[in-house]
Trainee: 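Sharing a structure, written as structure tokens. Questions coming.
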Amino acid sequence: MKTAILGPAQRAEALARMAERELDVLVVGSGVVGAGTALDAATRGLCTGLVEARDWASGTSSRSSKLIHGGLRYLEMLDFALVREALKERGLLLQRLAPHLVKPVPFLYPLQHKGWERLYAGAGVALYDGMSVSSGHGRGLPVHRHLSHKRALRVAPCLKKDALVGALQYYDAQMDDARYVATLVRTAAAYGAHAANRARVVGFLREGERVVGARVEDVEGGTEYEIRAQQIVNATGVWTDDTQALIGERGQFHVRASKGIHLVVPKDRIHSTTGLILRTEKSVLFVIPWGRHWIIGTTDTDWDLDKAHPAASSADIDYLLGHVNEVLATPLTRDDVEGVYAGLRPLLAGESDATSKLSREHTVAHPVPGLVVVAGGKYTTYRVMAKDAVDEAVHGLDRRVAECVTEDVPLVGAEGYKALWNARARIAARTGLHVARIEHLLNRYGSLAEELLELVVADPSLGEPLAAADDYLRAEAVYACTHEGARHLDDVLTRRTRISIETFDRGTRSAREVAELMAPALGWDDAQIEKEITHYQKRVEAERESQRQPDDLTADAARLGAPDIVPL
């Protein structure tokens, strides 16, 4: 299979191709569900287009807890079908579809009551493991184990001695959510999908009741395209209702946004060899290993303010710090927090006022001829959501279409990954890079890491780490633009890498170096470089200011102080 490149030339060509002939399916929105839908449609042989108003995964799909999990707490809600489905998908991703991107991660569940809690929680985790194995894709993870008080503290010395009487340890999986989506888009493009980011749907084309296409604005160039398609899939997540409003239809269901925030702290602030899962009065709290960092999250509160840039308030940060400090022997302070990010979950509105009780199930509808809507769900089950959306769209096509095959379609970078991993020491010797650098590249790009190494061979300076964010090589900033569709500095610092949340300066010290690396690939002059840097600095200032505000309303107002960037 030929690897797709998502550079500036390919983006321009994709827009032109989508406008010149009628598509079978046009997918609107490139979060994980939209990208997955484009891949599903393309691998059924359908002529497919994918447009995204901002950047791949710029909304919910880059701001999650970065977990691929069955949803252990949904067992307590007796939602066995959702857990079983998610566990099957977890296994597929770990073993077949994306072993280079999805990795096992251990979690410790501290027990606070003797006797009954170990039986109760142990039965739940045993059922979780059992459902995983019975799915046929669960043998790649270790089974849970019971730990005594002494052994639990040996595994997680960070815990207060009186915070637990014992513990359970079980396994789930994690990934870099934004990187996963970018890889999904590239996989869809490799199978023939036309994909363009910074391409906003501003209206729909109608013939009577039927939707026959969309008017799409190239946000970068200002050109408007008419893209005709037999079926359009609205996969815009928390923007679902807004997109439906463009055709004067609210739709058959309502999507409600729930805000979840996360904190990022350095690895040395929490002494543990395992992640943690803690019960709160509303839900659960995770402490998740993340390279040289920990991610702590999440909250679950209703949000009806700006959807593009949900803001974390001071109260949100205090909530997470307060709960995690209940069990930590050495409490965390604001000074320990490197990064903060907030995301919105698209939940199907229900009877409950509490967003933690709204459905994580997904729904697919066909509100008007030519338009399919998919909403709800959870990251782990994106492939099932995509399948259901394309199945619905196929009903509106006038021909026989193949069944879904994505259960057997690995993402680009998966093929050959394990062989390259086994050869990583040899690759390090050949390239002159430390073996830890090769492991880093393989776990971010899989076998596509060879493409980055080719950049380093052509320009050895690209094999050097970024000066103020040395987890990443200079080549990665260039590759993000030439191969992965990055258009702006924010795309690279926030989504292609995670520098914006993994450094105390939030990426401001890396901004100039990265912008200057991006400039040749994107044709920026000095004025555009300065504009990109200034915009990024203002964005960071606005986020910091929002995190000092006492509530959502004031935090939202502060965050909106930095508008989205547009080219000169």
Trainee: Work out which heavy atom in W303 is nearest to a heavy atom in A311; give both atom names and the distance.
Mentor: CH2-N, 3.6 Å
Trainee: Between E543 and R559, is there a side-chain N and carboxylate O pair less than 4.0 Å apart?
Mentor: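 A salt bridge links E543 with R559.
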Trainee: With a 4.0 Å cut-off, would you call D491 and R496 a salt bridge?
Mentor: no
Trainee: Could you tell me whether a side-chain N or O of T60 sits under 3.5 Å from a main-chain N or O of L344, the two making a donor and an acceptor?
Mentor: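 It does hold such a pair.
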Trainee: Scan side-chain atoms only and decide if S134 and R84 contain a donor-acceptor pair under the 3.5 Å cut-off.
Mentor: no
Trainee: Hey, which of K66, R495, R498 is the one that makes salt bridge (charged side-chain N to carboxylate O under 4.0 Å, His left out) with D176?
Mentor: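 Exactly one option meets the salt bridge (charged side-chain N to carboxylate O under 4.0 Å, His left out) with D176, and it is R498.
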Trainee: Ignoring hydrogens and angles, state whether a donor on the side chain of S61 or D177 is under 3.5 Å from an acceptor on the partner side chain.
Mentor: no
Trainee: Could you state the interatomic distance from CG (D564) to CG (D490), rounded to the nearest 0.5 Å?
Mentor: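 So the gap between those two atoms works out to 8.0 Å.
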Trainee: Could you check L517 against L462 for side chain to side chain contact (heavy atoms under 4.5 Å, CB included), going step by step and ending with a plain yes or no?
Mentor: CA-CA 9 Å; L517 287 165; L462 296 180; 3.9 Å; yes
Trainee: Can we call the ring centroids of H440 and Y472 under 6.0 Å apart?
Mentor: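 Yes, ring centres under 6.0 Å apart.
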Trainee: Please determine, by modelled atom types, if S258 and R345 share a side-chain donor-acceptor pair under 3.5 angstrom.
Mentor: yes
Trainee: Is the shortest distance from a Lys or Arg side-chain nitrogen in D471 or R292 to a carboxylate oxygen in the other one below 4.0 Å?
Mentor: yes
Trainee: Sort out for me which residue in Y479, Y180, Y417 forms a ring pair (Phe, Tyr, Trp, His ring centres under 6.0 Å) with Y445.
Mentor: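 Option passing the ring pair (Phe, Tyr, Trp, His ring centres under 6.0 Å) with Y445: Y479.
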Trainee: Would you call R474 and E513 a salt bridge, using N to O less than 4.0 angstrom?
Mentor: yes
Trainee: Judged by modelled atom types alone, do W290 and E502 share a side-chain donor-acceptor pair under 3.5 Å?
Mentor: yes
Trainee: Could you tell me whether E476 and R444 make a salt bridge, using a distance below 4.0 angstrom between a side-chain N and a carboxylate O?
Mentor: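 A salt bridge is present here (some side-chain N lies under 4.0 Å from a carboxylate O).
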Trainee: Go through the steps for S314 and R334 under the test side-chain hydrogen bond (donor to acceptor under 3.5 Å, both in side chains), then give the verdict.
Mentor: CA-CA 10 Å; S314 180; R334 290 287 187 109; 2.6 Å; yes
Trainee: State, without any angle test, whether R509 and T503 hold a side-chain donor-acceptor pair at a distance under 3.5 Å.
Mentor: no
Trainee: Specify the closest pair of heavy atoms between P266 and D336, including all atoms of both residues, with the distance to one decimal.
Mentor: CD-O, 3.2 Å
Trainee: Out of curiosity, L164 CG to L108 CG, how far, rounded to the nearest 0.5 Å?
Mentor: 7.5 Å
Trainee: For the residue pair R426 and T431, confirm or rule out a side-chain donor-acceptor distance under 3.5 Å.
Mentor: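 T431 and R426 do not have a side-chain donor-acceptor pair below 3.5 Å.
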Trainee: What verdict does the side chain to side chain contact (heavy atoms under 4.5 Å, CB included) test give for L153 and K161, after you've listed the backbone C-alpha separation in whole Å, the side-chain angles of each residue and the deciding distance to 0.1 Å?
Mentor: CA-CA 7 Å; L153 289 174; K161 291 182 180 180; 3.8 Å; yes
Trainee: Roughly how far apart are H144 NE2 and L127 CG, rounded to 0.5 Å?
Mentor: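 One finds 10.5 Å between NE2 of H144 and CG of L127.
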Trainee: Does any donor atom in the side chain of D129 or S132 lie under 3.5 Å from an acceptor atom in the other side chain?
Mentor: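 S132 and D129 do not have a side-chain donor-acceptor pair below 3.5 Å.
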Trainee: Per the side chain to side chain contact (heavy atoms under 4.5 Å, CB included) rule, which among R539, Q537, E541, R544 passes with R506?
Mentor: R544
Trainee: Please round to the nearest 0.5 Å and tell me the distance separating atom OG1 of T299 and atom NE2 of H323.
Mentor: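 Between T299 OG1 and H323 NE2, I get 11.0 Å after rounding to 0.5 Å.
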Trainee: For Y382 and E89, which I'm curious about, is there any donor-acceptor pair between the side chains at under 3.5 Å?
Mentor: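 No, because no side-chain N or O of Y382 sits under 3.5 Å from a partner of the opposite role on E89.
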Trainee: Spell out, as yes or no, whether a donor-acceptor pair under 3.5 Å connects the side chain of S58 to the backbone of R54.
Mentor: no
Trainee: For residues T381 and H362, is any side-chain donor paired with an opposing acceptor at under 3.5 Å?
Mentor: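 No, no side-chain donor-acceptor contact under 3.5 Å.
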Trainee: Over all heavy atoms of both residues, which pair between T274 and A156 is shortest? Give the atoms and the distance, please.
Mentor: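 Answer, listing the atom of T274 first, then A156: CG2-CB, 4.3 Å.
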Trainee: Testing the 3.5 Å rule here: is there a donor-acceptor pair between the side chains of D55 and H488?
Mentor: no
Trainee: Kindly indicate, with the supporting measurements, whether the criterion side chain to side chain contact (heavy atoms under 4.5 Å, CB included) is fulfilled by W421 and I427.
Mentor: CA-CA 9 Å; W421 181 261; I427 297 171; over 6 Å; no
Trainee: Where do K160 and N325 come nearest, in terms of heavy atoms and distance?
Mentor: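 Shortest heavy-atom separation between K160 and N325 comes out as NZ-O, 3.4 Å.
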Trainee: Looking at every non-hydrogen atom in both residues, tell me the closest pair between T280 and V284 and how far apart they are.
Mentor: OG1-N, 3.9 Å
Trainee: Between F107 and F286, is the ring centroid distance below 6.0 Å?
Mentor: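 Ring centres of F286 and F107 closer than 6.0 Å.
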Trainee: With a cut-off of 6.0 Å (strictly less than), are more than 12 heavy atoms of other residues, nucleotides or ligands near NZ of K267?
Mentor: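 Yes, enclosed.
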Trainee: Going by distance alone, is a donor N or O of one side chain under 3.5 Å from an acceptor N or O of the other, for H69 and R90?
Mentor: no
Trainee: From L67 CG over to T380 OG1, what is the distance, rounded to the nearest 0.5 angstrom?
Mentor: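 Here the interatomic distance stands at 8.0 Å.
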Trainee: Looking only at heavy atoms, what is the nearest atom pair of R269 and L332, with distance?
Mentor: CB-CD2, 3.8 Å
Trainee: Rounded to the nearest 0.5 Å, what's the gap from CG on D316 to CD1 on I261? Could you check?
Mentor: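 That separation rounds to 4.5 Å.
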Trainee: Is a donor from one side chain sitting under 3.5 angstrom from an acceptor on the other, for Q549 and E545?
Mentor: yes
Trainee: Checking the side chain of T497 only, and the main-chain atoms of V492 only, is there a donor and an acceptor separated by less than 3.5 Å?
Mentor: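 Yes, because the side chain of T497 sits within donor-acceptor range (under 3.5 Å) of the backbone of V492.
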